Amino acid sequence: MTDTTVFQARKILTMNPARPSATHVAVREGRILGVGSAADLAGWGPHRLDTSFADQVLMPGLVEGHSHLMAGTLWRYTYGGYFDATDPAGRVWPGLKTLDAVVAALSAAAAATVGVSGANADAPVVGWGFDPIYFGERRCHRADLDRVSTTRPVGVMHASGHILNVNTAALNLAGLLRSGIDHPGIPLGDDGLPTGELKGPEAMMAALDHVGLNRSFLSGDAQGIADFARLCVRAGVTTATDMAATLGEAELQTLERITGAPDYPVRIVSLLRLIGMKPADAVDRARALAARSTEQLRLGRIKVVADGSIQGFSARLRWPGYYNGRPNGLWYTAPEAMREAFTLGLKHGVQIHTHTNGDEATELVLDCMAQALAASHCADHRYTLQHCQLADDAQYRRMKALGLCVNLFANHHHYWGDQHFAVTVGPERAERMNACRSALAAGVPLAIHSDAPITPMAPLFTAWCAVHRLTASGRVLGAHQRITVAEALQAITLGAAYTLKLDGEIGSIECGKRADFCVLADDPTAVPPEALKDVRIWGTVQGGRIFAA
């Protein structure tokens with residue numbers, strides 16, 4: 001019996017310019033022997049011909065370069081987002097268009113968790129995906145969530161993941177229901193008490209455990225990791241990141257066990273978040289973690305967070321600041337810590353990805369990176385700026401000079417573009433947000449992402465966003481920053497793989513690489529560009545193993 005399988009397809013999009021399309025791909029031991037015609041592959045000897053995909057289109061397995069395992073975990077809580085969303089089982093949950101609708105959904109969830117015997121009467125009530133920016137100037141107050149319960153802690157995480165709203169009971173449990181608090185992440189009401197809106201990790205940390213959003217919320221438990229994989233297969237994704245992991249020993253062992261199962265369909269690249277530890281300790285930990293990497297679990301990288309969220313008004317913007325006059329946002333990592341992390345990471349070969357939303361945060365990261373490179377030069381570091389939403393052309397030229405990559409949040413054009421235009425940064429700066437064309441013109445390696453669960457994981461939709469830059473209302477936001485379909489497909493395959501230093505293994509279909517394929521019912525290069533987001537996904541092949549969506 002042969003150990004070689006040749007998959008036949010209607011068309012294979014290889015992302016390899018030397019052989020851009022083909023009809024057959026040969027796979028052995030989870031890797032690609034060759035790609036071409038049936039005759040081209042005959043020289044590899046006896047094989048089993050698999051015609052399962054004879055009517056389908058194959059392209060490289062899609063790479064989600066910025067996502068979080070909590071995209072799977074969160075679905076056990078109440079969805080409170082403005083747009084429709086699909087859960088791991090394929091059920092579509094309708095968006096909630098008013099604050100009252102969010103409160104009603106949480107109230108229904110609270111009632112459903114209390115049995116006839118009164119069990120769970122003290123359990124937290126948790127929601128996610130919420131964003132009051134869609135409701136005008138009206139912010140969520142603790143009194144709004146007191147309508148859900150006055151005795152049980154209630155918490156609802158914003159879509160950005162950077163803000164948590166809680167009720168009076170949760171504030172009380174967290175020790176925050178008191179006067180005299182002076183913290184930029186804890187706004188106060190007219191009564192001198194916290195409003196219940198907690199901005200940034202420091203402010204949120206006191207309440208997270210009380211509303212049930214403990215470490216498994218961030219790192220994923222067995223169910224969450226499995227549900228995350230189901231989302232990936234449905235999206236055609238074969239490699240995905242967990243972009244802010246705590247990676248404690250118990251969490252790491254769970255990851256190793258789940259991803260090591262023979263039927264786990266996704267390669268997880270998990271980044272250690274620099275929080276609650278010194279930069280030197282984080283670099284040492286990352287180096288130790290790298291030694292535990294497997295084929296399906298890649299470790300040894302670090303994530304640094306510079307600022308918060310633009311639509312949450314917690315990102316750091318350069319002058320003139322927010323369009324509606326809101327105060328500037330929050331710094332999450334001190335410049336000294338960032339500079340030390342970059343310097344030590346470069347010295348010891350540890351790759352670092354940095355979250356930067358506002359252009360002031362981007363400027364700080366560029367300054368710290370320049371100083372770190374002067375102290376510890378590294379020729380191919382591929383340090384990557386994640387989101388980097390407001391960067392201008394001058395900053396892209398600096399990125400190129402510093403050898404940086406960028407992974408832009410293209411989905412923002414659709415989900416928050418109208419709000420950025422009218423409220424957060426104004427028309428002019430909104431048109432340059434997530435500037436894919438500027439990045440390519442400057443020669444900065446480019447990826448694009450969903451930041452799931454902040455927006456749904458769907459790389460072909462992300463590609464559509466970068467090609468069209470359409471807001472939810474249909475406004476074209478920055479036509480000069482559009483990229484082509486070919487460039488967008490590159491950004492969700494080889495581009496994302498490059499930012500993870502995995503482009504030698506994945507991102508294209510060519511000899512020697514992993515046998516990772518996205519299986520499509522339609523050809524994304526043949527449909528009209530406006531239909532790119534509607535290309536049907538059958539499933540994936542990962543390491544030569546077939547997974548139906």
Side-chain angles (χ1 to χ4, degrees), residues 61-74 161 201 214-233 235 237-261 264-277 281-305 341 345 348-355 382-384 386-387 405 407 447 449-454 457 496-503 505-506 514 516 542-543:
L62 306 183
V63 181
E64 179 50 83
H66 191 130
S67 57
H68 303 269
L69 285 176
M70 63 180 176
T73 309
L74 281 171
N214 53 27
R215 280 196 169 189
S216 68
F217 155 72
L218 290 174
S219 302
D221 56 11
Q223 179 185 335
I225 298 167
D227 284 343
F228 180 81
R230 297 172 75 184
L231 293 171
C232 288
V233 172
V237 170
T238 55
T239 298
T241 53
D242 183 18
M243 194 49 81
T246 49
L247 291 176
E249 186 57 33
E251 299 153 9
L252 182 57
Q253 289 181 14
T254 300
L255 263 176
E256 290 172 327
R257 176 171 56 85
I258 301 300
T259 61
Y264 195 75
V266 187
R267 182 180 299 99
I268 302 294
V269 182
S270 189
L271 283 78
L272 174 69
R273 180 171 176 183
L274 176 61
I275 187 170
M277 67 181 80
D281 294 335
V283 170
D284 287 345
R285 175 65 173 156
R287 295 174 71 191
L289 287 168
R292 295 173 67 167
S293 288
T294 66
E295 166 56 26
Q296 292 292 89
L297 178 61
R298 304 302 177 92
L299 303 165
R301 299 163 180 82
I302 289 175
K303 164 79 172 296
V304 172
V305 181
H348 295 290
V350 174
Q351 191 191 28
I352 297 179
H353 291 238
T354 305
H355 161 119
R382 301 193 209 178
Y383 277 33
T384 300
Q386 295 285 342
H387 305 329
C405 307
N407 189 358
H449 66 267
S450 70
D451 198 11
I454 282 63
M457 184 187 298
Y498 184 87
T499 67
L500 300 172
K501 288 196 170 185
L502 293 177
D503 54 308
E505 297 183 55
I506 61 174
R514 307 291 176 182
D516 291 1
Q542 209 255 359

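Small disclaimer: the values here were computed from a predicted structure and weren't measured.
- Pro453 pairs by the side chain to side chain contact (heavy atoms under 4.5 Å, CB included) definition with His68, Met70, Ala71, Leu74, Trp128, not counting sequence neighbours.
- Every residue was checked against the salt bridge (charged side-chain N to carboxylate O under 4.0 Å, His left out) condition with Arg301, not counting sequence neighbours, and none meets it.
- Scored by the side-chain hydrogen bond (donor to acceptor under 3.5 Å, both in side chains) test, Glu64 finds Ser450 as partners (sequence neighbours excluded).
- When the salt bridge (charged side-chain N to carboxylate O under 4.0 Å, His left out) test is applied to Arg285, no partner is found at least two apart in sequence or on another chain.
- In this structure, Gln386 CD and Thr354 OG1 are separated by 8.5 Å, a value rounded to the nearest 0.5 Å.
- With sequence neighbours excluded, no residue forms a salt bridge (charged side-chain N to carboxylate O under 4.0 Å, His left out) with Arg257.
- In this structure a side-chain-to-backbone donor-acceptor pair under 3.5 Å is present from Gln296 to Val266.
- Ser67 contributes no side-chain N or O that, together with a main-chain N or O of Asp451, makes up a donor-acceptor pair within less than 3.5 Å.
- Within the 3.5 Å criterion, the main-chain N or O of Leu502 finds no donor-acceptor partner in the side chain of Glu505.
- Listed by chain and number, the residues in a salt bridge (charged side-chain N to carboxylate O under 4.0 Å, His left out) with Glu295 are Arg267, Arg298, Arg514 (sequence neighbours excluded).
- For the side-chain hydrogen bond (donor to acceptor under 3.5 Å, both in side chains) test, residues two or more places apart in sequence or in another chain that qualify with Arg382 are Asp380, Asp503.
- Looking at residues two or more places apart in sequence or on another chain, you find no ring-ring contact (aromatic ring centres under 6.0 Å, His included) involving His353.
- The closest donor-acceptor contact from the side chain of Gln351 to the backbone of Thr499 lies under 3.5 Å.
- For the side-chain hydrogen bond (donor to acceptor under 3.5 Å, both in side chains) test, no residue two or more places apart in sequence or in another chain qualifies with Gln223.
- Between Thr254 and Ile225 the shortest side-chain heavy-atom distance falls below 4.5 Å.
- Relative orientation of the His387 and His355 rings is perpendicular, given thresholds of 30° and 60° on the angle between their planes.
- At distances below 3.5 Å, at least one donor-acceptor pair connects side-chain atoms of Asp516 with backbone N or O atoms of Gly543.
- You'll find the side chain of Glu256 reaches within 4.5 Å of the side chain of Leu297, heavy atoms only.
- Remark: the backbone N or O of Leu299 is not paired with any side-chain donor or acceptor of Ser270 at under 3.5 angstrom.
- Taking Glu249 as the reference, Gln253, Arg292 meet the side-chain hydrogen bond (donor to acceptor under 3.5 Å, both in side chains) condition, with sequence neighbours excluded.
- Proximity of Ile268 to Phe228: side-chain heavy atoms (C-beta onward) are separated by under 4.5 Å at one or more points.
- A donor-acceptor contact shorter than 3.5 Å is absent between the side chain of Thr241 and the backbone of Val269.
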